[in-house]
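Take this structure first; my questions come after.
These figures come from a predicted structure and were not determined experimentally. Positions are given from 1 along the sequence. Each ligand, and each atom within it, is numbered from 1 in the order the structure gives.
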Amino acid sequence: MGARAAAALRRGFRGQLITPGDPEYDAARTVWNGAIDRRPALIARCTGTPDVLLAVEVAREYGLPPTVRGGGHSIAGHAVCDGGLMIDLAPMRNVRVDSARRTAHAQPGATWAEVDRETQRYALATPGGLMSATGIAGTTLGGGFGWLSRAYGLTCDNLLEAELVTADGRVVTASAAQHPELFWGIRGGGGNFGVVTSLSYRLHPVGPQVLCGELYFPADRAPQVLRAVRGHLRGAPDQLFALCLLGIAPALPHLPADLPGTPVVRIAMCHVGRPERGRGAMAPLRALPGVLADTVQLRPYTAWQQMFDPGWGPGARNYWRAEYLATLDDRAIATLTGHLARITSPLSDIRLAFLGGAIARVGPDDTAYTHRSAPYLLSINSRWERPAEDAEHAGWASELWSAMRAFSSGGVYVNFLGQEGPGRVLEAYGPVKYRRLTALKDSYDPGNLFRVNQNIPPSS
Ligand code: FAD
């Protein structure tokens, strides 16, 4: 079927077609999570919207489930499936900035590194993820939070317009004025409704230098540190974003020589306002007792965006569990810190993002993204190299997640979901929004052509 579909696609397709047996096949089917090993029937590397249109048509006609690859960072590996047609958007990565209007227009194969590089030429940015290598399309469609989110909202809150190829082969623009319900749904509802072929974002003045860095503390200070960050962020300006990481200190050149390899708690922070205000906003945390290393300084925003990339590149095996937390009381803190002592891999960590600010000020029904009022987002990121160790490391993450459910706000961030089943997709949206998304699916993809994702099936 793959060969027949490839023959059909060759009539008019301008990009590259890759089938099993081609020398590029193995590299092209590989996604970020090294635990995913799937063999698509055909990989269609698209150069533009006409290629995407053709690929969608051929997938439908030949009965090959389409998967869409943006940056390939889905934890669940949804960019690829066995026997499917991978619509690979990697060649489509052009970014254009209109500095006068403060907007950026990007193709969906771009990463945050590419968008930030172009927008920062004008000291502008839109909120992306905490790292630079993730794809902009997947991030936006699921919500998208990062260093700028308390100040300027989620990535999807800054989406002005998107072009999509729908399951029935139309090219539509979704915005507040056109296909408004679709525009609502793609801001959090994932890739369920079509293939996004371009995205336009609102930009904000950022940097180009921002005050940012990390504080390292010994693991036995973790309870005090988490309590301090919890208290401080309640009253901190929205320009300050903070993330706590519990894990093993990485080997980085700017850290004291005896730190790598030891269990630590870290506060990673970025302030996107005036540096002197940032210094004031960070001062109480920098003054906490027990600081082993303080890397806070002015840096280019683009450099800070790439700070966490080393150590989180493609290839390693990953099993992540996540949950929004309603509370971070002392019992929750004890559960987290107790589990750090039993960490099974030096590559794994436990992350706690402190949300609020502009994220929580958008109306709860304005976008498909849910759980805006949850103050904390926990992600337990288990990561290792050897397949023989899968059960041990996944078990560590699952055990902590189960224990932390007691503190859940009842939801999960769809972009951090693994292969966790339909019940968890429902938890990502809650029953009311899920029903609205089902109705949207009925309108735009009643045959569930786009089903290799955190799927919202049509009603019949
Ligand atoms: P892909 O695997 O290519 O796609 C992910 C999903 O989106 C798939 O279902 C895919 O089919 C769909 N999709 C992608 N492009 C399109 C398109 N053009 N049209 C329709 N559907 C499409 N999230 C955050 O919010 N903040 C973070 O700081 C953050 N950090 C991360 C760090 C790492 C190392 C990783 C692995 C993930 C991180 N994430 C973060 C989660 C990330 O946002 C999601 O994994 C996101 O889906 C990645 O998008 P992608 O395009 O790279 O992935």
**Asked** Atom OG1 in Thr111, atom CG in Asp309: separation rounded to 0.5 Å?
**Response**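 Output value for this atom pair is 9.0 Å.
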
**Asked** When you measure from the centre of the six-membered ring of Trp396, is the NZ or CZ of Arg383 under 6.0 Å away and within 45° of the axis?
**Response**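 That pair does not qualify as a cation-pi contact.
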
**Between Ser398 and Tyr319: side-chain donor-acceptor atoms closer than 3.5 Å** =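 Yes - a donor-acceptor pair under 3.5 Å links their side chains.
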
**Item:** Between Thr140 and Tyr201, a side-chain donor and acceptor under 3.5 Å
**Value:**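 Yes, Tyr201 and Thr140 have a side-chain donor paired with an acceptor closer than 3.5 Å.
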
**Asked** List by chain and number: which residues place a heavy atom under 4.0 Å from ligand 1?
**Response**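 Lining ligand 1 at under 4.0 Å, by heavy atoms, one finds Trp32, Val68, Arg69, Gly70, Gly71, Gly72, His73, Ser74, Ile75, His78, Ala79, Leu89, Pro108, Gly129, Leu130, Met131, Thr134, Gly135, Ala137, Gly138, Thr139, Leu141, Gly144, Phe145, Gly191, Gly194, Val195, Val196, Trp320, Tyr413, Asn415, Phe416, Val452, Asn453.
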
**Message:** Aromatic contact between Phe450 and Phe193, with the criterion being ring centroids under 6.0 Å apart: yes or no?
**Reply:**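 No, they do not, as the ring centres are separated by 6.0 Å or more.
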
**Check: Glu163/Thr49 side-chain N/O donor and acceptor closer than 3.5 Å** =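 Glu163 vs Thr49: donor-acceptor pair found between side chains.
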
